[in-house]
Amino acid sequence: MSEHILLVHGDLLTKERLDAIVKSRRIEDTPKRRFQHIVFVPGLFHFKMACADALWRTWIQPQAGRTDVNSLWQHVGILRPRETGKFASKPGFRRMHDVIHHDLWASILNCWLVEAQTRNSTWDSLEVFAKCPPTWELIVEMSECIVNKYVTNTTILMHLRQQPTQERDQRFENQVLRNRDELLYVDLCHALNSGDIGRVEASFLSWIYIFKATKKHKYAYHTARFMVQMRYIYPEDLQRIIRLNWLCNPTGKVFKFRPVDWLVERNNLYTKVIFAGTGSNHTLQHIINESPLIELYRECHVMIENGFHLKNRTMKHAPPDMTKTLQKLRDEIQRHSPHKFVAGRRADYRVEDEIVEGMTMLMRDKEALMDCDGEVDVMGPEDVIDY
């Protein structure tokens, strides 16, 4: 058994239970009885949920930051006008995931408009710019300029905030910082969906700092610990095995990679909720009897979809048409011009750079990663089905 390993994917609670089991069996004689063959792999679906929650704690939770006209809270009122109350407390993963993507889309489109107008005053809209048409070289050049101008990093933001008050634009500072945080999250989502596990690992360090600054200490500690194990402790063969089995692709389609812990949660949903029975049939024995058949039931759904040509109508609904809503948000962003630097402009609230805050906390206290408070991820059915 010592020549083989067993990868276990899960959340932090799974990790803690495995650690407790290993600790209680450390006096056993053989590696098998000591459970040394078990290797815990952090579930990237729960990691992604933690990233979305960290952005909620940074950009929506502070009460003082909700009054600013260009705050994410104000944009939530445009994107989800009937759900502002839910965003005030705990919006859940799916709502926050969608809001981050939609807000970033509108913001980047505004960046393209501002950059286009600086190059040619006749390009007063993106539609006029698209009809030119621009060359591919120009698109690449403009995209690089947009990243350099409107997506900040720690060094640039610190330089901007060290200037005299009359030379600063606090609204511009908050906006370029939000662009960076949202791009970090969207880049993580694209890396997961495309199966680029190296890109996922490269994003860990930034999120460790953000987790620490937003008081998600357990995620900061366990992510940092796993990074050390992958780089300095595990042999190269084991590292390769973990990277090749960190994600899966149940459908075999392009851009459809999914974390293994998401697949586990999906199976739990079908086993314990959808096919668990109702009324008097909702019993533990019924769930156990039905659990081996959930894939068969799903295949029946797919067969009926294909036979009656009911594509994207039974198992997964089509995404909503956000064209008008995004246009409304684009108009609101353009009205306040957060991507145009105006010296002396103030904001109602200064959003801190969580990467700097987390880095400072870790440098100040060597034991900061060990300060682990209780954290619970709340997951609903919509988080697993419409991934």
Checking [X] side chain against [Y] main chain: does a donor-acceptor pair fall under 3.5 Å?
X	Y	value
Ser291	Ile288	yes
Ser206	Ser203	no
Asp187	Leu183	no
Asn245	Ile241	yes
His9	Phe40	no
Gln163	His159	yes
Trp246	Pro42	yes

State the [atom1]-[atom2] distance between [X] and [Y], to the nearest 0.5 angstrom.
X	Y	atom1	atom2	answer
Met96	Phe87	CE	CZ	6.5 Å
Ile333	Leu109	CD1	CG	8.5 Å
Leu6	Phe35	CG	CZ	9.5 Å
Ile287	Lys272	CD1	NZ	8.0 Å
Leu184	Ile355	CG	CD1	5.5 Å
Ile156	Met158	CD1	CE	12.5 Å

Taking the side chain as C-beta and beyond, is there a heavy-atom pair between [X] and [Y] under 4.5 Å?
X	Y	result
Arg258	Asn193	yes
Arg119	Leu138	yes
Trp262	Cys248	no
Pro91	Glu83	no
Lys324	Gln327	no

Item to check | Residue pairs fulfilling side-chain hydrogen bond (donor to acceptor under 3.5 Å, both in side chains) with at least one residue in residues 174-183, sequence neighbours excluded | outcome: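 Non-adjacent pairs meeting side-chain hydrogen bond (donor to acceptor under 3.5 Å, both in side chains): Trp59-Asp181, Asn70-Gln175, His75-Arg178, Asp103-Arg178, Ser107-Gln175, Ser107-Asn179, Arg161-Asn174, Gln175-Arg178, Gln175-Asn179, Asn179-His339, Arg180-Asp353.
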
Should [X] and [Y] be regarded as members of a common hydrophobic cluster, given that ILVMFWY residues are connected when their side-chain heavy atoms come within less than 4.5 Å of each other, either directly or indirectly?
X	Y	result
Val356	Val351	no
Val264	Leu7	no
Val140	Ile108	yes
Trp112	Val114	yes
Ile274	Met303	no

Checklist entry - What's the verdict on side-chain contact (heavy atoms from CB on, under 4.5 Å) for Leu13 and Glu16, showing C-alpha distance, side-chain angles and the deciding distance? => result CA-CA 5 Å; Leu13 182 59; Glu16 292 176 351; 4.3 Å; yes

Looking at the rings of [X] and [Y], which for Trp means the six-membered one, are their centres under 6.0 Å apart?
X	Y	answer
Phe204	Phe226	no
His190	Phe255	yes
Tyr185	His97	yes
Phe47	Tyr219	no
Tyr150	Phe341	no

Item to check | Chi angles and distances behind the side-chain contact (heavy atoms from CB on, under 4.5 Å) call for Met227, Glu201 | outcome: CA-CA 8 Å; Met227 280 186 62; Glu201 281 191 82; over 6 Å; no

Residues [X] and [Y]: side-chain donor-acceptor under 3.5 angstrom:
X	Y	answer
Glu305	His301	no
His217	Lys212	yes
Tyr349	Gln170	no
Ser194	Asp196	no
Gln239	Tyr234	no
Asp261	His46	yes
Asn268	Thr271	no

Basic-acidic side-chain contact under 4.0 Å: [X], [Y]:
X	Y	value
Arg66	Asp348	no
Asp98	Arg94	yes
Arg350	Glu352	yes
Arg266	Glu295	yes
Asp11	Lys15	no
Asp29	Arg34	no

Checklist entry - So, for Ala191 and Val200, which heavy atoms are closest and what is the spacing to 0.1 Å? => result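 Between these two residues, the closest heavy atoms are CB-CG2, 3.7 Å.
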
Next on the checklist: Using every non-hydrogen atom in the two residues, find where Trp123 and Ala116 come nearest and quote the distance to one decimal.
Outcome noted: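 Minimum heavy-atom separation between Trp123 and Ala116: CE3-O, 3.4 Å.
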
Next on the checklist: The test is side-chain contact (heavy atoms from CB on, under 4.5 Å); show your working for Leu72 and Val99 and say whether it passes.
Outcome noted: CA-CA 9 Å; Leu72 185 57; Val99 162; 4.2 Å; yes

Is it the case that atom [atom1] in [X] sees more than 12 heavy atoms from other parts of the structure closer than 6.0 Å?
X	atom1	answer
Ile27	CD1	no
Gln166	CD	yes
Arg240	CZ	no
Arg17	CZ	no

Next on the checklist: What verdict does the side-chain hydrogen bond (donor to acceptor under 3.5 Å, both in side chains) test give for Asn148 and Glu144, after you've listed the backbone C-alpha separation in whole Å, the side-chain angles of each residue and the deciding distance to 0.1 Å?
Outcome noted: CA-CA 6 Å; Asn148 293 329; Glu144 293 175 350; over 6 Å; no

Item to check | From CA spacing to verdict: salt bridge (Lys or Arg N to Asp or Glu O under 4.0 Å), Glu354, Arg57 | outcome: CA-CA 10 Å; Glu354 301 294 18; Arg57 296 186 183 195; over 6 Å; no

Checklist entry - Mind checking what makes salt bridge (Lys or Arg N to Asp or Glu O under 4.0 Å) contact with Arg33, not counting sequence neighbours? => result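 None.
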
Item to check | Partner set under salt bridge (Lys or Arg N to Asp or Glu O under 4.0 Å) for Lys149, not counting sequence neighbours | outcome: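 Salt bridge (Lys or Arg N to Asp or Glu O under 4.0 Å) list for Lys149, sorted by chain: Glu115.
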
Next on the checklist: For a side-chain contact (heavy atoms from CB on, under 4.5 Å) check, start with the C-alpha distance between Val69 and Arg171, then their side-chain angles and the critical distance, and finish with the verdict.
Outcome noted: CA-CA 9 Å; Val69 293; Arg171 186 176 298 173; 3.5 Å; yes

